[in-house]
Amino acid sequence: MERITLMSLLLTAVVSSSLRQYHFVNQKMNWTEAQSYCREKHTDLVTINDTQEQNDIKQAIQRVNSGADRVWIGLKDAWIWSLSDSDFYRGDESQYRNWGPGQPNGNGDCVYMEHDGRWHDIDCKTPNPFICYNGSSKGFVREQVQKNWTDAQKHCREQHTDLASVRNQSENTEINNTAHNQAWIGLYRSWVWSDNSNFIFKHWKQDEPNNKADGKSICALTGVSDEGRWADEYCTEQHPFVCYDDKLVLIRENKTWPEALRYCRDRDMDLVSVDSEQMQRRVMNVTSSASSPHVWLGLRHSCTVGIWFWVSGHTICYDQWASDYDTGLDDCDTTVRSGAIRTRDQLWISRPETEENNFICAGE
């Protein structure tokens, strides 16, 4: 047992930041195996949102293997729909595919429907007619003018709702009957984080990524040289990897604000304080899977002195209030107000403390 414990210490390094702990695991696995390992023992494969986090991860790797330059992070390519509203899809509808033989073959990152209803990948700059989806009429609209995929997406979003998503065989047949010949649909290849965080920060090496998605999945690597810049690699290759532990925990149970506060403190945590743009991004990522329209924060309003304060004692030096956040604040005699984040736009809003919502606990 002592030998196993020692070996574990030799293979893993931990670096803490104010928000996360990073764990470099110096054991070679393919990307999917690494993802499963991280989700079982920690939170997930690492997500990188800024230069500071990249430096923290580089430090965690360097402590164990100063020469490591092929290390999995939680970034993977995926085919996703332009219309990203999760409420639009039921079950696994967002995963419906109708590829043609030998497709996708790496010819491009955007998808068109052929006259036979089969899908093909092609360079996004190619001009094509396209199919829009209109949410008001709940129908598909063919646009005969030829545009590249990005311009087609822009047109659909301005004139309708978005480029067409295809959720099942019935819709595929309907769109095919509308299109008659080759036309863009809303599917495209992009990079996504394992934990579904927004892909904003990019740290690629020059001329990367450069692998083709010729039917194989592609994942991203980092290392300690060249400022830890990223490269791409087929996900089936084996490399060490970095996991993270997030100190923010979304509780998908609906509780009043006082009940939520008690729940967190009973577990040696507190309702979350959002005191920086970095923390706001963390909270936004966590709330993406919330089951309530608002998520409680550790914000409390004092009617006595007329101010908002964080129950953790943090100073309010950063805020993301909605323009209509103060609705109900003049009703201090009957209703105590607390602060929540509104999941549809990630802005803060005042809510009666008796309302029941999901909430976020933050560890020390």
Side-chain angles (χ1 to χ4, degrees), residues 4-31 33-76 191-206 208-209 219-233 235 237-249 269 272-286 314 318 362-364:
I4 294 173
T5 302
L6 177 59
M7 181 62 70
S8 178
L9 290 172
L10 289 172
L11 291 173
T12 306
V14 181
V15 170
S16 296
S17 72
S18 59
L19 301 172
R20 288 188 171 185
Q21 285 185 329
Y22 301 107
H23 305 262
F24 172 54
V25 183
N26 198 28
Q27 303 175 48
K28 290 187 176 181
M29 298 184 187
N30 65 42
W31 191 92
E33 291 169 342
Q35 180 190 54
S36 297
Y37 178 100
C38 290
R39 288 179 173 179
E40 178 183 343
K41 297 184 180 298
H42 304 286
T43 299
D44 211 324
L45 268 170
V46 71
T47 298
I48 308 172
N49 292 298
D50 54 40
T51 304
Q52 182 58 56
E53 290 183 356
Q54 179 66 54
N55 291 338
D56 289 341
I57 291 157
K58 178 181 174 182
Q59 182 182 352
I61 297 170
Q62 215 162 11
R63 285 188 177 182
V64 173
N65 186 348
S66 60
D69 261 332
R70 309 291 286 179
V71 176
W72 289 131
I73 57 177
L75 197 59
K76 181 180 180 180
W191 290 95
V192 296
W193 289 110
S194 176
D195 65 359
N196 295 316
S197 300
N198 293 326
F199 180 49
I200 301 172
F201 176 71
K202 299 176 183 179
H203 199 60
W204 296 106
K205 291 180 180 179
Q206 186 175 359
E208 295 277 0
C219 298
L221 300 145
T222 187
V224 296
S225 68
D226 192 21
E227 299 177 331
R229 293 196 175 274
W230 308 340
D232 62 346
E233 174 82 280
C235 304
E237 298 297 317
Q238 297 202 337
H239 298 286
F241 51 96
V242 180
C243 309
Y244 79 89
D245 282 320
D246 204 330
K247 299 179 183 179
L248 299 184
V249 182
M269 294 187 285
V272 66
S273 298
V274 186
D275 54 5
S276 66
E277 184 177 352
Q278 185 183 31
M279 182 60 91
Q280 172 74 5
R281 287 202 305 269
R282 288 273 187 252
V283 169
M284 288 166 61
N285 289 333
V286 170
H314 286 80
Y318 171 87
E364 294 299 324

Indicate yes or no for a side-chain donor-acceptor contact from W72 to the backbone of Q35 under 3.5 Å, with no hydrogens or angles considered. no

Is a side-chain donor or acceptor of Q54 paired with a backbone partner of H203 at a separation under 3.5 angstrom? no

Less than 4.5 Å apart, side chain to side chain, heavy atoms only: is that true for [X] and [Y]?
X	Y	result
K247	Q21	yes
F24	N65	yes
D69	V224	yes
V25	P240	no

F199 and V192: side chain to side chain contact (heavy atoms under 4.5 Å, CB included), yes or no, with the steps? CA-CA 6 Å; F199 180 49; V192 296; over 6 Å; no

From [X] atom [atom1] to [Y] atom [atom2], the distance as rounded to the nearest 0.5 Å:
X	Y	atom1	atom2	result
T222	E227	OG1	CD	10.5 Å
W204	D232	CH2	CG	5.5 Å
E33	Q238	CD	CD	6.0 Å
Y318	Q280	OH	CD	4.5 Å
K41	D245	NZ	CG	12.0 Å
T43	H23	OG1	NE2	8.0 Å

Restricting to side chain to side chain contact (heavy atoms under 4.5 Å, CB included), what partner residues turn up for S197, sequence neighbours left out? T47, W193, D195, N285

List for me each residue that meets side chain to side chain contact (heavy atoms under 4.5 Å, CB included) alongside R70, sequence neighbours excluded, and say none if there are none. L221, A231, E233, H239

Over all atoms of both residues, closest heavy-atom pair of [X] and [Y]:
X	Y	value
R39	S194	NH2-O, 2.9 Å
M269	V249	SD-CG2, 4.4 Å
N49	F201	O-CB, 3.2 Å
Q27	F241	O-CE2, 3.5 Å
L248	V286	CB-CG2, 4.1 Å
K76	W31	CD-CZ3, 3.6 Å

Applying disulfide bond (SG atoms under 2.5 Å apart) as the test, list every pair that has at least one member in residues 38-74; sequence neighbours left out. C38-C243

I'd like to know if the side chain of D56 pairs up with that of Q52 as donor and acceptor (distance under 3.5 Å, no hydrogens or angles considered). yes

Aromatic ring centroids of W230 and W191 under 6.0 Å? no

Take atom CD of E277 as the centre, draw a 6.0 Å sphere, and report whether it contains more than 12 heavy atoms from other residues, nucleotides or ligands. no

